[in-house]
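So that the names make sense, note that chain A is the first sequence line, chain B the second, and so on, each numbered from 1.
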Protein chains: 4
Amino acid sequence: MNERSPTLIPDTGRGNQAAILNAALEAFGEKGFYGASMRDVARGAGTSLSNLYNYFPAKADLLAALLRMANDELLSRIQAAVDGAGRRASDRLRAAVVAHVGFVVDHQVASLVALSEIRYLTGVARKRVVAARDSTQGLYEEIVAAGSASGEFATPYPDDAARNIVSMCAAIATWYHPGGRLTPEQLAGQHAHYALALLQGPL
Amino acid sequence: MNERSPTLIPDTGRGNQAAILNAALEAFGEKGFYGASMRDVARGAGTSLSNLYNYFPAKADLLAALLRMANDELLSRIQAAVDGAGRRASDRLRAAVVAHVGFVVDHQVASLVALSEIRYLTGVARKRVVAARDSTQGLYEEIVAAGSASGEFATPYPDDAARNIVSMCAAIATWYHPGGRLTPEQLAGQHAHYALALLQGPL
Amino acid sequence: MNERSPTLIPDTGRGNQAAILNAALEAFGEKGFYGASMRDVARGAGTSLSNLYNYFPAKADLLAALLRMANDELLSRIQAAVDGAGRRASDRLRAAVVAHVGFVVDHQVASLVALSEIRYLTGVARKRVVAARDSTQGLYEEIVAAGSASGEFATPYPDDAARNIVSMCAAIATWYHPGGRLTPEQLAGQHAHYALALLQGPL
Amino acid sequence: MNERSPTLIPDTGRGNQAAILNAALEAFGEKGFYGASMRDVARGAGTSLSNLYNYFPAKADLLAALLRMANDELLSRIQAAVDGAGRRASDRLRAAVVAHVGFVVDHQVASLVALSEIRYLTGVARKRVVAARDSTQGLYEEIVAAGSASGEFATPYPDDAARNIVSMCAAIATWYHPGGRLTPEQLAGQHAHYALALLQGPL
DNA sequence: AATGAATGAGGATTCATTCAT
DNA sequence: CATGAATGAATCCTCATTCAT
């Protein structure tokens, strides 16, 4: 909960809600959606099993809430970074990637859960999360398209490149260890470099 | 089982073993390791629940067998491709990526399962699969290192670049649809391009 | 639950706990630990299978609880009887045997289960029950040793004699039928006689 | 299989029958009738699961065969010992007990199984084993009755005393350890003493 | 005799969820 | 809001047994 990590899960004032969500995040992160039980969540949240249902009517709603928050936060971070960047597409892209990597590092577990447990969402909840994810990718596509139009980028496959940028950023969650060889800032810088590299024309 | 898809699961002669593995692959792919039940697998294999246990003493052994096969096949495909390529690092890298993408496309479900269900493996089984995965990445690292030494590549972070190449190839399994906009060959070519792009020096 | 049979299983207030223990006792007594299923116990207790696990986390815990109660009650009955008897070792022994036989008759099924199902206990639970059993035998050994020292008894093998006394009392559970030829009191008197007879010197 | 232990299980010449019975004895002794599985028995006998059924059509038949053999051997050993003893009831009783204890020590596991697993026998098989057991006790009752008639014994409860003699001998199986404090011969002598002690009149 | 494959019933246990308080 | 008790369905897995070879 430091400066770099504005809390993902809002303190709603409703006593245990945040504790429950945090416990669910941890449980899903450790054992997966099916592997984690509501009892695990209750234990982690320090409340009773039945009390969970006063906040979330079903297990899937816990996952849905988690994924919605994660995607919203990711999207708004990237959006804000892009808005604060200059006109040039490369600057905007760099800002987006730096924000993206920052989010993954700040909320690694949430990123991991968002990556691997979305499949267990169904119906409306799933559609909303997928839409948010698409919005994120859309941001990248816009930047790439603008850069292509302006001649800054030369990639023959703008949308595919955008997707790969997202993949690379998301994949960080699967291997990152705090305190590793690279600082978060270095990691972000590195990935900004990769993103720009992907947008080059034929070599 | 066409030319592009040498069977992942060997026909052992033991009647149902292949059927069981295929059913498990399908079930794990669709519902995840915990989400799929042994009944699902039995149904898919056209045998009785209890008979599964004559072939695999535990559910986790099914997953372990699947992941071992997938990783072995991926590794040997890439190895063969690299061995058959020329001397130049860029040619070798291109061959590796093309083989990699080919595998993911041929065995998309297995690739997806290998990507997302490995976490449910424990003990020795997990170690073996992780080692196989590391071997694959090691292949890329060798190629990148050789190319860096020869001056073909200029990336300042060779190992990180190798990891991102693997991430991009693996991620294909999460979105690819046969019959989509790109043929498998185009997809492979595109990713070979991305791989080389990642290895550029400062832009 | 009459005067002669102060309840073995305490009414804890927790609604079903006593019912579950009683049902388990009956089931284990009738079919043995492995032969009885948790479904049998649930049926006997008039509750659902899954609800059993709110009270006892495993089948073995049911057995452990049962055996602990039986041994505790046996030990405290004998202890109380001995404490209430006079100084003479023969009086104390007689009191112990009478109490022992009384327990076996009052709680025949529990005695039988304690005799034959203890083998299915493992780990700490087993150790505790074995210790309680040894305590009971220790009571007899003390009495016999005291009587030997005072010259009341002349047996050349005091500890072996004590063990046989216990064996004889315990064995009653394997054949006793309420309403048989002997009243419980006669049976107790008879066994008190046997116990003293065992302590004779060379004939 | 030394001189003191003429094999309980006859070598029928039918290849594996003896091995199967021995494995069943060991398995039932270790885990109990329900706790041991036919797979355990097959493994112990070094044969296949299905081959068991060529020798014994059901699991219960294995137990029945075992118990029949054990009881037959016990009975015939006691019978022979009594027949070889002199006229005096005390000599005959002593001989019976010595033979009885010898059997329990020689075939401790079988004795234990006979003691504790008979409950899992049903129907005719059970009746036959119970009858054999009653015959053994009958032998003791005859001796005691004869000794009572002749004035050698003075017990007021001849049949109950006989039962207790049997109980004491049988109980040896539950605690005996080869190489313990007492040699088998000492143990036998001790129990002969106890048996005679039980037959004394009022002390 | 001997075996490997097969099966239906049932084993203990855990699940998400509900309800009365 | 909060809880403990309760439940039916489902979990993985093992069972004794059968059958074709």
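Look at NZ on Lys31(A): it is 13 Å from C1' on dC15(E), rounded to the nearest Å. The distance from atom CZ of Arg39(D) to atom C1' of dT7(E) is 11 Å, rounded to the nearest whole Å. When rounded to the nearest whole Å, the span between CE of Met38(D) and P of dA16(F) equals 7 Å. Distance, Leu49(B) CG to dA9(E) P: 12 Å, rounded to whole Å. Straight-line distance from the OH atom of Tyr34(C) to the C1' atom of dG10(E): 16 Å, rounded to whole Å. Remark: C1' of dT17(F) and CG of Asp61(D) are 13 Å apart, rounded to the nearest angstrom. Between the CZ atom of Phe33(D) and the P atom of dG11(E) there is a distance of 15 Å, rounded to whole Å. Counting to the nearest Å, the P atom of dA9(F) and the OH atom of Tyr53(C) are 17 Å from each other.
Along DNA chain F, the nucleotide closest to Gly35(B) and the one closest to Asn54(C) are compared, and the more 5′ of them pairs with Asn54(C).
The OH atom of Tyr55(B) sits 11.0 Å away from atom CG of Leu21(B), with the distance rounded to the nearest 0.5 Å. Taking CG of Asn71(C) as the start and CG of Leu74(C) as the end, the distance is 6.5 Å to the nearest 0.5 Å. Interatomic distance, CD of Glu73(B) versus CG of Leu8(B), reported as 6.0 Å (0.5 Å rounding).
With Phe28(B) as the fixed residue, the ring pair (Phe, Tyr, Trp, His ring centres under 6.0 Å) test singles out one of Phe33(B), Tyr34(B), Tyr120(B): Phe33(B). Remark: of the listed residues Leu67(A), Leu63(A), Leu66(A), Asp72(A), Leu67(A) is the sole one forming a side-chain contact (heavy atoms from CB on, under 4.5 Å) with Val129(A). The only option from Leu25(D), Ile9(D), Leu52(D) that meets the side-chain contact (heavy atoms from CB on, under 4.5 Å) definition with Ile20(D) turns out to be Leu52(D).
Evaluation of atom-type donor-acceptor distances gives no pair under 3.5 Å for the side chain of Ser48(B) against the base of dG8(E). The base of dG4(E) lies close enough to the side chain of Ser50(D) for a donor and an acceptor atom to sit less than 3.5 Å apart.
DNA chain E lies under 4.0 Å from no heavy atom of any residue of residues 117-128 of chain A.
Of the side-chain N and O atoms in Tyr55(D), one or more sit less than 4.0 angstrom from OP1 or OP2 of dA2(E). Considering only side-chain N and O atoms, Asn16(C) lies nowhere under 4.0 angstrom from the phosphate OP1 or OP2 of dA5(F).
The side chain of Asn51(D) has dT3(E) as its nearest neighbour among dA12(E), dT3(E), dA2(F).
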Worked check of side chain to side chain contact (heavy atoms under 4.5 Å, CB included) between Ser37(C) and Lys59(C): CA-CA 9 Å; Ser37(C) 75; Lys59(C) 192 185 185 187; 5.6 Å; no
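No contact: Ala60(B) has no heavy atom under 4.0 Å from any strand. Residue Ala42(B) is out of contact with every strand shown, counting any heavy-atom pair closer than 4.0 Å.
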Base-pair map of DNA chain F as dot-bracket, where | denotes pairing with a different strand and pairs are Watson-Crick or G-U under 3.5 Å: .||||||||||||||||||||
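Using a 4.0 Å cut-off between charged side-chain N and carboxylate O, Lys31(C) and Glu117(C) make no salt bridge.
Between Val41(C) and Ala23(C), the shortest heavy-atom distance links the atoms O-CB, 3.4 Å.
Under a 3.5 Å cut-off, the side chain of Asp61(D) and the backbone N or O of Ala58(D) do form a donor-acceptor pair.
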